[in-house]
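Beneath this line is the structure, given in structure tokens, with notes to follow.
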Amino acid sequence: MSFSSDVKDELSTQISSVRHCQIAELAAIISLCGTVMINMDDRFSLKIHTENIGVARKCFTLVKKTFNIKAEISIRQNLYFKKNRVYQIRITNHEDTKRILQATKLLNEDIEIEENLSLVNNIVVQNTCCKRAFIRGAFLASGSLSDPEKFYHFEIVCPTIEKAKQLQEIINSFDLDAKVTSRKRHFIVYLKEADGIVDMLNVMEAHVALMNLENVRILKDMRNTVNRKVNCETANINKTVSAAVKQMDDINYIINTVGLDSLSEALQEMANVRLQYPEAPLKELGTHLNPQVGKSGVNHRLRKLSNIAEDLRNRKEEKL
């Protein structure tokens, strides 16, 4: 089961104790995955469809609990994806449908299908708790959340730009920074930052999912920290080994051309210690000298040896 499904399963079991929040959540669900049908006699019926059984169960419960209406529920196989089932919740009675649509502000004063997208005038999303419920319903209807082990991405798909702007404004009223983009013929309200998605789960009151995501973030941060340290140490080791190989090549070149006897005693000792301890770091090399020398002193002597070897090479090239 995906992380997104886990979040929806958690949210589908939460039923608000107050009616206005139940209406707000149902309004979002109907708006994003509901279809209002009108027959030749101008009689309304309502169909809500979803591929998530938890969402279907919640819609059925909200309709019953909020309006005392018993909806019909049916299951059919998705023709395009054989493994997916589509759950349909239907309200066929005209008066029942009209009552739901009026309460969710999906009917205007002339009893025509028209959604009130104003945050100022739409009483469905006036209270903070109702805004939370509305976002929760929108996510249940057409939202998704990526696996945080891979990357962070939260989105809700909307059919129109006006709906996307409304949802964006509701989300951003919680000090979030949701963005809107288009994809094919739909409009996407999305969040990409991990902190924003954590806050979004908190807004929707998906506290179990929030804790699971935080655990993933902690583990990822630990892994990243360890990887950075390993990479840093590996780079330092490679750098040390490469430097040691170059130093030994320089010393051997001096031996094969003019010999170590041509060097001062300090440089002779340094050359012999480096050849004796080819893998030792500079600090350790200094402890083998008599008297002992610090890291900077060792580095200074090795640099002198390198310069001598370079001068010898240049002289050989000039003779050629």
[X] side chain vs [Y] backbone, donor-acceptor pair below 3.5 Å:
{"X": "Q268", "Y": "L263", "result": "yes"}
{"X": "K58", "Y": "Q14", "result": "yes"}
{"X": "Q126", "Y": "N122", "result": "yes"}
{"X": "S12", "Y": "D9", "result": "yes"}
{"X": "N127", "Y": "C130", "result": "no"}
{"X": "T104", "Y": "A27", "result": "no"}
{"X": "E51", "Y": "R85", "result": "no"}
{"X": "D41", "Y": "R43", "result": "no"}
{"X": "R274", "Y": "P278", "result": "yes"}
{"X": "S146", "Y": "P148", "result": "no"}

Next on the checklist: So for atom NZ, which belongs to K70, do other residues, nucleotides or ligands contribute more than 12 heavy atoms lying within a distance under 6.0 Å?
Outcome noted: no
Checklist entry - Should the pair Y190 and H153 be assigned to parallel (<30°), tilted (30 to 60°) or perpendicular (>60°) ring geometry? => result parallel
With a 4.5 Å cut-off on side-chain heavy-atom distances among I, L, V, M, F, W and Y, is there a chain of contacts connecting [X] to [Y]?
{"X": "V180", "Y": "F154", "answer": "yes"}
{"X": "L260", "Y": "V293", "answer": "yes"}
{"X": "V18", "Y": "L62", "answer": "no"}
{"X": "L219", "Y": "L213", "answer": "no"}
{"X": "L289", "Y": "Y277", "answer": "yes"}

Item to check | Residue pair R217, E214: steps toward the salt bridge (charged side-chain N to carboxylate O under 4.0 Å, His left out) verdict | outcome: CA-CA 5 Å; R217 287 181 73 191; E214 286 286 36; 3.3 Å; yes
Pair [X] + [Y], salt bridge at N-O below 4.0 Å:
{"X": "E25", "Y": "R132", "result": "no"}
{"X": "K47", "Y": "E72", "result": "no"}
{"X": "R223", "Y": "E149", "result": "yes"}
{"X": "K8", "Y": "D6", "result": "no"}

Checklist entry - Under the side-chain hydrogen bond (donor to acceptor under 3.5 Å, both in side chains) rule, what pairs show up with a residue in residues 249-267, not counting sequence neighbours? => result K246-D250, D250-S306, D250-R313
Checklist entry - Which other residues belong to the hydrophobic cluster containing V241, where Ile, Leu, Val, Met, Phe, Trp and Tyr are joined when side-chain heavy atoms lie under 4.5 Å apart, directly or via other members? => result I237, V245
Checklist entry - Are S142 and C33 close enough that some pair of their side-chain heavy atoms sits under 4.5 Å apart? => result no
Between atom [atom1] of [X] and atom [atom2] of [Y], what is the distance when rounded to the nearest 0.5 Å?
{"X": "K295", "Y": "T287", "atom1": "NZ", "atom2": "OG1", "value": "13.5 Å"}
{"X": "I29", "Y": "T50", "atom1": "CD1", "atom2": "OG1", "value": "8.5 Å"}
{"X": "T66", "Y": "I23", "atom1": "OG1", "atom2": "CD1", "value": "6.5 Å"}

Checklist entry - Side chains of S74 and R90: donor-acceptor distance under 3.5 Å anywhere? => result yes
Item to check | salt bridge (charged side-chain N to carboxylate O under 4.0 Å, His left out) assessment of E205 paired with R136 | outcome: CA-CA 8 Å; E205 299 176 312; R136 187 163 57 241; 3.0 Å; yes
Next on the checklist: Taking salt bridge (Lys or Arg N to Asp or Glu O under 4.0 Å) as the definition, give me every residue that meets it alongside E10, ordered by chain and number, with sequence neighbours left out.
Outcome noted: none
Checklist outcome for this item: Smallest heavy-atom separation, I254 atom then L305 atom, equals CD1-O, 3.5 Å
Checklist outcome for this item: Of L101, V36, T97, the one forming a side-chain contact (heavy atoms from CB on, under 4.5 Å) with L107 is L101
Checklist entry - Below 6.0 angstrom between ring centroids: does that apply to Y87 and H49? => result no
Item to check | Chi angles and distances behind the salt bridge (charged side-chain N to carboxylate O under 4.0 Å, His left out) call for K179, E155 | outcome: CA-CA 9 Å; K179 300 283 196 290; E155 71 175 36; over 6 Å; no
Checklist entry - Has K192 got its NZ or CZ under 6.0 Å from the middle of the six-membered ring of F151, at an angle within 45 degrees of the ring axis? => result no
